[in-house]
Amino acid sequence: MSDKTRQSNTATNTWAHAGEVAQWTLQLLGWLWLGEQGMRQGWAMASGVLAVALWWAVRILLRGSAWALRAKPRAVAWLGLLSACVVGLPELLVPFGAAHVGLLAVALLWGAWSALVETRSQVSTFELGPVAWHPVLAGGLVVWAWRMPEAEFSTLSVAFLLGACALVLHMAQPSEVVRDCRGPRIRWVSALAPSAMGLMMGTLWLGNAWCVGLGWRTDQRVLAHLALMAGLPALVALFLSWVAQAAQVKPGADHFPRLAEGEQRLHVSLMLLAMGALMLLGQSAWQGVLAMLLPSLAWALHCGRPRLGMVFSKTLSPVWSRCTALVLGPCLLVCVGMVSMVQGPAALQAAMAVLGGLAGAQALALWWRQAVPQPGWSNP
């Protein structure tokens with residue numbers, strides 16, 4: 001009986017790892033493929049970022065909703081297979097002049113599927129083992145899909161990869177309906193790091209993005225963005241694991257940062273976002289690299305944050321949390337796409353400066369709240 005239990009746990013862990021890789025692949029491929037298709041179709045409206053913004057908005061609206069929580073496992077599988085089958089819809093509608101409509105339909109369907117997958121995820125990449133290798137492997141799969149057969153995504157490779165993700169996620173997801181879990185509510189500042197990372201990924205294919213000024217080729221820009229979104233979380237998780245082990249070996253060492261706590265990670269993430277905005281004041285190449293690297297580090301800290309025990313004094317209701325994430329994410333991305341047609345790279349720089357300014361103001365508020373002693377009131 002013990003051998004059967006051990007084999008069952010091993011199989012469960014294997015599918016959990018595979019499902020996490022598939023979930024990262026689904027997310028990375030959505031950012032890159034939808035953005036590239038928007039640029040290839042030459043849509044003048046918002047510089048072609050509407051498909052990415054729609055996919056992003058649907059994920060925010062449906063993730064954790066009652067519909068997503070009550071969805072049955074077979075509905076998730078069929079929605080994934082349907083998403084894999086319709087990726088060629090924009091090309092089929094080109095002769096009818098409706099390629100953009102087909103791309104928006106794909107983005108809508110893909111976003112709903114992604115929301116279901118994220119809602120039903122029962123594990124975290126950074127809780128499955130000491131090394132978070134899942135996003136790195138997912139990034140490699142996306143690079144393979146991009147390289148086949150040439151330096152752009154082909155419909156066949158994307159459909160094959162999405163179909164494989166649908167199959168793996170169906171085998172890895174729980175068989176029962178997910179129950180409503182009322183976890184700790186978060187503050188609006190938790191949406192700043194994902195919004196900054198989403199703006200960088202969503203504007204990758206803009207011809208006038210600031211990374212174009214660095215003189216990189218298209219393949220170099222794609223690899224750099226994949227490294228920032230998939231590689232940095234793995235490296236940061238490995239570093240924090242080393243810090244935690246070192247702090248346990250030296251129990252009296254207070255010089256080790258307490259980044260394992262959610263509040264401490266939030267403080268560091270806010271400071272990184274604020275410093276990234278300050279780097280935009282210069283025009284040199286190293287300042288442009290830091291303007292991309294610092295917000296990406298903030299995103300990496302956000303990915304590995306603890307999911308339990310994050311109780312804050314000021315919280316937002318789920319409705320306001322979604323509205324804040326929508327305004328700071330997809331809506332801001334659409335504004336950047338529209339303004340960039342006139343202002344060029346200054347549009348994205350202004351958006352990142354807004355996020356950095358909000359992060360800096362909140363970091364100062366948190367520092368002031370800790371520095372000034374607050375009066376304690378006895379209970380009545």
Side-chain angles (χ1 to χ4, degrees), residues 16 19-20 22-28 30-31 34 52-80 82-83 107-128 134-135 165-166 169-170 172-198 201-202 229 233 262 265-266 269 299 301-312 314-333:
E20 196 67 16
Q23 184 173 340
W24 274 97
T25 303
L26 187 66
Q27 181 179 5
L28 294 175
W31 286 114
L34 290 172
V52 180
L54 178 61
W55 171 74
W56 192 3
V58 172
R59 288 175 53 210
I60 293 175
L61 289 175
L62 297 183
R63 183 171 49 208
S65 63
W67 172 77
L69 291 169
R70 296 171 184 172
K72 297 182 179 180
R74 62 175 179 268
V76 183
W78 283 112
L79 195 59
L82 185 59
S83 300
L108 181 64
L109 191 62
W110 196 335
W113 179 33
S114 301
L116 287 181
V117 172
E118 295 171 11
T119 301
R120 297 183 63 85
S121 178
Q122 300 296 305
V123 295
S124 173
T125 302
F126 308 93
E127 297 173 357
L128 291 177
H134 310 81
C165 290
L169 289 170
H170 176 66
Q173 68 177 330
S175 57
E176 69 277 0
V177 177
V178 180
R179 295 184 178 181
D180 189 2
C181 179
R182 298 185 181 275
R185 297 177 180 178
I186 60 176
R187 286 177 288 186
W188 63 272
V189 293
S190 298
L192 293 177
S195 298
M197 193 72 234
M201 295 298 293
M229 194 171 195
R265 292 197 186 195
L266 180 61
S269 178
W299 148 260
L301 286 174
H302 172 83
C303 287
R305 71 196 186 283
R307 298 191 177 185
L308 297 177
M310 296 180 64
V311 181
F312 302 113
K314 294 183 179 180
T315 59
L316 290 175
S317 65
V319 175
W320 285 108
S321 298
R322 297 179 195 276
C323 292
T324 304
L326 282 174
V327 172
L328 297 178
C331 294
L332 191 58
L333 177 59

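Index from 1, following the sequence.
- Contact between Ser269 and Leu301 at its shortest, heavy atoms only, is N-CD1, 4.2 Å.
- Counting only heavy atoms from C-beta outward, the side chains of Leu192 and Leu328 approach each other to under 4.5 Å.
- A heavy-atom distance below 4.5 Å is found between the side chains of Gln27 and Arg59.
- A cation-pi arrangement is not found for Arg74 relative to Trp78, the charged atom failing to lie both closer than 6.0 Å to the ring centre and inside a 45° cone about the ring normal.
- Taking both residues in full, the closest heavy atoms of Thr119 and Ala68 are given as OG1-CB, 3.6 Å, listed atom of the first, atom of the second, then distance.
- Listed for the Arg63 side chain is no donor-acceptor partner under 3.5 Å among the backbone atoms of Ala112.
- Note that the CG atom of Leu79 and the CG atom of Leu169 stand 11.5 Å from one another [nearest 0.5 Å].
- Using a 4.5 Å heavy-atom threshold, the side chains of Leu26 and Trp113 count as touching.
- Side-chain atoms of Trp67 and Leu116, non-hydrogen and from C-beta on, do get closer than 4.5 Å to each other.
- Shown here for Ala166 and Gly80, the closest heavy-atom pair between the two residues is CB-C, 3.8 Å.
- By the side-chain hydrogen bond (donor to acceptor under 3.5 Å, both in side chains) test, Trp299 is found to be paired with no residue, residues two or more places apart in sequence or in another chain being considered.
- Minimum heavy-atom separation, Arg322 to Leu61: NH1-O, 3.2 Å.
- The nearest pair of heavy atoms linking Leu62 to Ala115 is CB-CB, 3.6 Å.
- Contact of the Val76 side chain with the His170 side chain is not registered, since no non-hydrogen atoms from C-beta on lie closer than 4.5 Å.
- Contact of the Ile60 side chain with the Pro330 side chain is registered, since non-hydrogen atoms from C-beta on lie closer than 4.5 Å.
- With rounding to the nearest 0.5 Å, the separation of CH2 in Trp31 from CH2 in Trp55 is 5.5 Å.
- Across all their heavy atoms, Ser190 and His302 have their closest contact at O-CE1, 3.4 Å.
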